[in-house]
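By convention here, the first residue in the shown sequence is residue 1.
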Amino acid sequence: MNAPDFEISNIPDDLKRCTAFHGHLCPGLVYGYRVAKEAMALLKIERSYDEEVVAIPENDSCAIDALQVLLGTTRGKGNLIIKNYGKNAYVVINRTTEKKIRFVRKSGYVYQGKDKAEFDRLEKAVYMNKATESEIKKQKRMKAADLLLKPFDEIFTTRTVEDYEMPLYASLAPSKACARCGELTMETRMVNGKNDRLLCIPCAEEDM
C-alpha cells in the first residue's frame, strides 16, 4: 500500500467503518484509529457494549470518532470523557482489569511516503490557503496512508498510568419539570432558584 496510490478500497474494513461514521478519511481520524487499535491489543479489550471501556481524549479532534466506532465509547453511554486541553493525548481504560494506558503523540509530523516532493508541494499550498479542493483531499489521503504505515511507536508514546482516578459510571437520575419553563430536566442538573424553585440551568441563569 503506497501512499500516492492510496484509495478508500485499500484501507482495512474497520477503518472503512470509521470513515463512514466520520464522513471522510483524514489524518485526524487515522490518529484515533491507531490509538484504538493499539489500546485494544494492549488492554485486551473489544468494542464496549456498555461502560467496560472508557476513553478520555484530551482534545475534541476527528480522532474521537474512531474511538467511538472501534472502542464503543460514546458521550451517551458516559464512557467517552472529553477533556479538551488541546493535547494530542488519549487515556484508555479497561474497567475489568483497571488497567489504564495513556497515549501521547510525539513531535511534529514528517512525511515518509513516496513522492515527498508532491506532498511538500501540497502541504505548502494547504498552509498558504491556495490549495484546490482536490489538492486538499489528496494531501489528506497521502498523509493518512503514511500514518497507517508508520510503526506505532514512531507516532505515539505509550505509558501505563497508575495515578489516574477511575471515572465514575454514568449517573442516572429522575427528571422533573422546571418550575419556570416546565421542561423535563435531569434532577441532578437542576438549580435551586428564587423561592427554592427547582429550575433548569438556562432558566436559573435568566432568573438571577
Go through the steps to decide whether R17 and D13 satisfy the test salt bridge (charged side-chain N to carboxylate O under 4.0 Å, His left out), and finish with yes or no. CA-CA 6 Å; R17 296 199 305 272; D13 287 342; over 6 Å; no
For the student: nearest non-hydrogen atoms of [X] and [Y], plus distance:
{"X": "V69", "Y": "R47", "answer": "O-NE, 2.7 Å"}
{"X": "A179", "Y": "L199", "answer": "CB-CD2, 4.0 Å"}
{"X": "D115", "Y": "M142", "answer": "O-CE, 3.8 Å"}

Please list, chain by chain and in numerical order, all residues satisfying salt bridge (Lys or Arg N to Asp or Glu O under 4.0 Å) with [X], sequence neighbours excluded.
{"X": "E183", "value": "none"}
{"X": "R180", "value": "E206"}
{"X": "E133", "value": "K137"}
{"X": "E58", "value": "R102"}

Salt bridge between R121 and E118, side-chain N to carboxylate O under 4.0 Å?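 Answer for the salt bridge query: yes.
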E46, CD atom: more than 12 neighbouring heavy atoms under 6.0 Å: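 Open.
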Are there more than 12 heavy atoms of other residues, nucleotides or ligands under 6.0 Å from atom NZ of K124?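 Result for NZ/K124: open.
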Mind checking whether L184 and M190 sit in one hydrophobic cluster, side chains of I, L, V, M, F, W, Y counted as touching below 4.5 Å?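 No: no chain of side-chain contacts under 4.5 Å links L184 to M190.
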Would you say V191 and M186 are hydrophobically clustered, going by side-chain heavy atoms of ILVMFWY under 4.5 Å?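 Different hydrophobic clusters.
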Run through the side-chain heavy atoms of Ile, Leu, Val, Met, Phe, Trp and Tyr, join any pair under 4.5 Å, and report what else lands in I136's cluster.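 Besides I136, the cluster holds V126.
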In the hydrophobic cluster built from side-chain contacts under 4.5 Å, what are the other members alongside L80?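 Under the 4.5 Å side-chain rule, L80 groups with I64, I82.
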What distance do C18 atom SG and I11 atom CD1 have between them, rounded to the nearest 0.5 Å?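 Rounded to the nearest 0.5 Å, the SG-CD1 separation comes to 8.5 Å.
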Could you tell me the separation between the CG atom of D65 and the CG atom of L70, rounded to the nearest 0.5 Å?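 Going from the CG atom of D65 to the CG atom of L70 covers 11.0 Å.
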Among residues at least two apart in sequence or on other chains, which ones pass side chain to side chain donor-acceptor pair (under 3.5 Å) with [X]?
{"X": "N59", "result": "S61, Y90"}
{"X": "K44", "result": "none"}
{"X": "T188", "result": "none"}

4.5 Å side-chain heavy-atom contact, [X] and [Y]:
{"X": "K176", "Y": "L198", "value": "yes"}
{"X": "V53", "Y": "N94", "value": "no"}
{"X": "K77", "Y": "S48", "value": "yes"}
{"X": "H22", "Y": "C62", "value": "yes"}
{"X": "T73", "Y": "V54", "value": "no"}
{"X": "C178", "Y": "R197", "value": "no"}
{"X": "I45", "Y": "V92", "value": "yes"}

ring-ring contact (aromatic ring centres under 6.0 Å, His included) involving F103 - partner list, sequence neighbours excluded: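 Checked F103 against ring-ring contact (aromatic ring centres under 6.0 Å, His included); matches are F152.
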Please check: side-chain N/O of [X] versus main-chain N/O of [Y], any donor-acceptor pairing under 3.5 Å?
{"X": "Y111", "Y": "K114", "answer": "yes"}
{"X": "N79", "Y": "A55", "answer": "no"}
{"X": "D60", "Y": "N84", "answer": "no"}
{"X": "E135", "Y": "T132", "answer": "yes"}
{"X": "R105", "Y": "I155", "answer": "no"}

Please confirm whether K143 makes a cation-pi placement over Y109, using NZ or CZ under 6.0 Å from the six-membered ring centre and within 45° of the ring normal.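 Because its charged atom sits under 6.0 Å from the ring centre and within 45° of the axis, K143 does stack over Y109.
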In sequence, state the C-alpha distance, the side-chain angles, and the governing distance for F156 and K106, and then conclude on side chain to side chain contact (heavy atoms under 4.5 Å, CB included). CA-CA 5 Å; F156 289 95; K106 291 184 175 180; 5.8 Å; no
Could you pull out every donor-acceptor pair under 3.5 Å between side chains of residues 25-43 and any protein atom, sequence neighbours left out?
residue	atom	partner	partner atom	Å
Y33	OH	D14	OD1	2.8
R34	NH1	L147	O	2.6
R34	NH1	L148	O	3.3
R34	NH1	K150	O	2.9
R34	NH2	K150	O	3.0
K37	NZ	D14	OD2	2.7

For residues 154-163, which residue pairs pass the side-chain hydrogen bond (donor to acceptor under 3.5 Å, both in side chains) check, not counting sequence neighbours?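 Qualifying pairs, neighbours excluded: none.
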